[in-house]
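Within every chain, numbering begins at 1; the chains are lettered A, B, ... in the order of the sequence lines, protein sequences first and strands thereafter.
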Amino acid sequence: MSALKLKKGSTSHSAYNLRPTFSDVVEKHTLAVLVENEPGVLARVIGLFSGRGYNIESLTVAEVDHQGHLSRITIVTTGTPQVIEQIKAQLGRIVSVHEVHDLTVEGPSVERELAMFKVSGKGDKRVEALRLADIFRANVVDSTLETFVFEITGAPEKIDAFADLMRPLGLTQVARTGVAALPRGD
Amino acid sequence: MTRQMTGAKMVVQALIDQGVDTVFGYPGGAVLPIYDEVFQQNSIKHILVRHEQGAVHAAEGYARATGKPGVCLVTSGPGATNAVTGLTDALMDSIPIIVLTGQVPTFMIGSDAFQEADTVGITRPCTKHNWLVKETDALSGVLHEAFHVATAGRPGPVLVDIPKDVQFATGNYQTKKPSTSHYKPQIKGDMEAITELVAAIETAKRPVFYTGGGVINSGPAASQLLRELVEATGFPITSTLMGLGSYPASGDKWIGMLGMHGLYEANMVMHDCDLMINIGARFDDRITGRIDAFSPNSIKAHVDIDPSSINKVIKADIPIVGDVAHVLEDVLKVWKSRGRKTNDGAVSKWWGQINEWKTVDCLKFEQKGKTIKPQYALSRLEALTKDHDRYICTEVGQHQMWAAQYLNFEDPNRWMTSGGLGTMGYGFPASIGVQMGHPDALVINVAGEASWLMNMQELGTAMQFNLPVKQFILNNERLGMVRQWQELLHGERYSHSWSESLPDFVKLAEAFGAKGIICSDPDDLDDAILEMINYDGPVLFDCLVEKHENCFPMIPSGKAHNEMLLGEADTQGVIDAKGSVLV
Ligand SMILES: Cc1ncc(C[n+]2csc(CCOP(=O)(O)OP(=O)(O)O)c2C)c(N)n1
Ligand SMILES: [Mg+2]
């Protein structure tokens with residue numbers, strides 16, 4: 001399946017991309033959606049997902065081009081190939097959407113997420129938490145005598161793995177940003 | 001060029017610059033400055049409806065009958081919320097309308113002010129796009145963009161919410177100029193896919209054109225090109241409810257409407273074809289029936305201006321994104337350049353089969369006895385009005401399906417019905433909009449008594465503006481379509497599907513100053529219909545019909561195209577548990 005680069009109103013939608021295989025396999029895709037930075041635009045995107053029953057695994061949004069008035073929404077979603085194609089086409093219909101990129105099919109991309117973990121404990125557990133944080137290159141951004149707040153950046157899987165390790169050591173709170181992603185190379 | 005003026009004046013100026021001649025609306029506190037400007041000009045006619053839902057349906061009717069966008073002006077809060085059904089209706093049927101709403105002043109937004117509603121929030125899912133304009137300087141640009149978005153690509157409803165202080169303040173007015181919008185839907189189809197379609201046309205043994213509302217939305221050229229292609233190839237053509245009239249019902253390639261209440265031959269053709277050419281239709285569930293049994297052996301080509309329609313329901317083998325007229329022009333060009341080939345022998349054999357299916361004569365009925373059959377009423381209406389410059393609207397229910405079956409449409413833009421949303425109450429206000437667009441035409445709304453009551457207040461509008469719309473009510477004293485489903489699906493337990501305490505429609509008409517006609521005897525029907533046609537003014541025609549007539553043919557929920565019910569005898573235990581959860 002080739003990359004679906006939906007420009008506005010799907011201008012550059014080549015017919016070839018409209019031929020997904022109808023399969024039942026659920027895939028995870030990371031979509032980058034460039035939108036007009038205007039009030040309500042996030043509600044339009046989220047409303048599309050809730051209204052049509054699509055999944056959002058994570059969603060991040062921030063302005064990326066002040067002059068061009070553009071924000072970038074990165075959405076991690078799951079669905080069968082047909083559903084993923086529908087999601088992209090439906091996003092492309094939103095008048096405020098300029099471009100839709102499926103980073104999962106448009107060639108290699110890098111994904112990063114930032115997370116903060118609060119771990120409370122004493123003695124051995126506290127030492128073990130610090131040791132593991134070091135291995136995962138997590139930074140301590142706050143500490144009291146009984147708590148640490150770690151900051152960790154990486155692919156979502158790495159953050160999941162770190163969370164799994166911290167849980168028995170006294171993990172009490174987690175904050176995650178959701179995925180930001182860019183294609184590699186040119 | 002820019003000029004200084006108030007926001008309220010900009011609204012009127014932008015409408016004039018966009019070529020608007022008619023606005024359907026209802027005033028209120030938050031739009032008073034705009035109404036003050038409406039008062040002080042003569043370029044635009046304002047039609048005062050009796051309910052904002054009526055304004056939106058009237059604008060839809062106007063848009064569908066004229067091909068121009070319809071415009072509404074309503075106040076904040078309840079004015080805006082009353083417009084929601086019409087907006088949703090226009091979204092489902094891809095009708096270009098622009099709804100302008102007043103809003104509380106910007107400095108009061110969010111304070112639960114009197115008649116404040118989050119209009120852009122409420123209407124976000126039921127518009128193609130909407131705007132809240134917070135600065136007068138931005139207003140004219142947004143208004144021009146609103147017309148562009150409503151009409152470009154797949155048409156749809158848009159809404160512009162204008163706070164009262166923005167209407168009062170003075171700012172720069174921009175005249176209409178070619179759109180610089182980034183919103184530019186694809187118009188031309190992909191030539192490779194078009195060539196692939198032509199190759200399929202050349203070899204198909206059992207082809208069919210399956211056309212929809214997209215042909216009509218694309219404009220008169222699309223219908224013209226469609227006719228040319230159909231005549232040149234000799235392939236049979238069917239259409240959805242929304243597409244009736246794009247190919248003439250009198251044309252010899254016409255095999256009738258398809259779908260849940262479509263013709264037997266049309267559905268059989270869809271089931272057995274080997275090449276399905278979908279032009280501007282969207283594989284709606286009323287069309288496909290059971291998806292996994294839908295036209296199992298065909299190659300499916302799908303022409304649609306909206307990429308999200310393609311592969312949404314049915315996998316397209318030959319997907320073509322583009323405007324119908326542009327794509328058809330290219331299809332014809334390529335097909336002619338390759339020698340105008342079709343598989344004549346096979347196609348004429350196919351017609352042999354089709355003609356055999358036609359002998360089933362699925363719309364046959366017998367008018368006996370002293371009670372008017374709804375089918376008979378519509379056959380007579382057809383016979384007595386077909387030579388007029390005629391526009392037909394409908395409400396929603398059995399009468400709507402019978403109208404689609406028994407009235408013939410020779411041209412596009414002459415058939416206004418709520419297809420996607422199925423909105424009871426659509427037809428009467430729509431007929432008012434149609435009559436505004438075509439003042440001298442014969443505009444008839446084929447109605448059910450229950451639907452008609454949903455927006456009956458618009459009789460006041462018809463009277464006030466001398467709009468001689470004919471309301472042809474097939475009165476079965478039943479929510480007929482509901483009753484039919486209860487008979488077939490719910491063990492004949494007729495829960496609340498009676499129209500009780502009906503008004504005396506003749507007196508009701510007279511109370512508004514309109515003409516009322518009642519007819520219950522088949523022998524009187526022709527004279528009564530002629531009286532209706534010849535009366536110069538709005539008419540309420542109460543046609544008392546058979547109360548328990550069911551609408552056939554019917555593809556029951558959860559069944560395939562070749563499992564149609566043709567009449568009462570077929571109906572026993574046909575819808576299984578799985579089918580009955582479907583609507
Ligand atoms: C606003 C709205 N409410 C409910 C329905 C469900 N509904 C569909 S048809 C129908 C009955 C319509 O009765 P009538 O207008 O008398 O038409 P008939 O079927 O009897 O010809 C109903 C209630 C609807 N389509 N629209
Ligand atoms: Mg009825």
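A salt bridge between A:K125 and A:E128 is absent, with no side-chain N of the basic residue lying under 4.0 Å from a carboxylate O of the acidic one.
Note on ring orientation: taking the six-membered ring where Trp is involved, the planes of A:F148 and A:F150 are tilted (angle from 30° to 60°).
When only modelled atom types and interatomic distance are considered, A:E27 and A:T78 share no side-chain donor-acceptor pair under 3.5 Å. Under 3.5 Å, the side chains of B:T106 and B:D165 contain a donor-acceptor pair of N or O atoms. No hydrogens or angles considered: nothing links the side chains of B:T88 and B:T85 as a donor-acceptor pair under 3.5 Å.
Each of B:M108, B:E116, B:K134 was checked for a side chain to side chain contact (heavy atoms under 4.5 Å, CB included) with B:Q103, and the lone residue meeting it is B:E116.
Using a 4.5 Å cut-off between heavy atoms, B:N130 touches chain A through backbone and side chain atoms alike. With a threshold of 4.5 angstrom between heavy atoms, B:V149 approaches chain A through side-chain atoms but not through N, CA, C or O.
The shortest distance between side-chain heavy atoms of B:M191 and B:D330 falls below 4.5 Å.
Of all residues spanning residues 156-170 of chain A, none has a heavy atom less than 4.5 Å away from chain B's heavy atoms.
Among B:L132, B:V120, B:D306, the residue with the largest count of heavy-atom pairs under 4.5 Å with chain A is B:D306.
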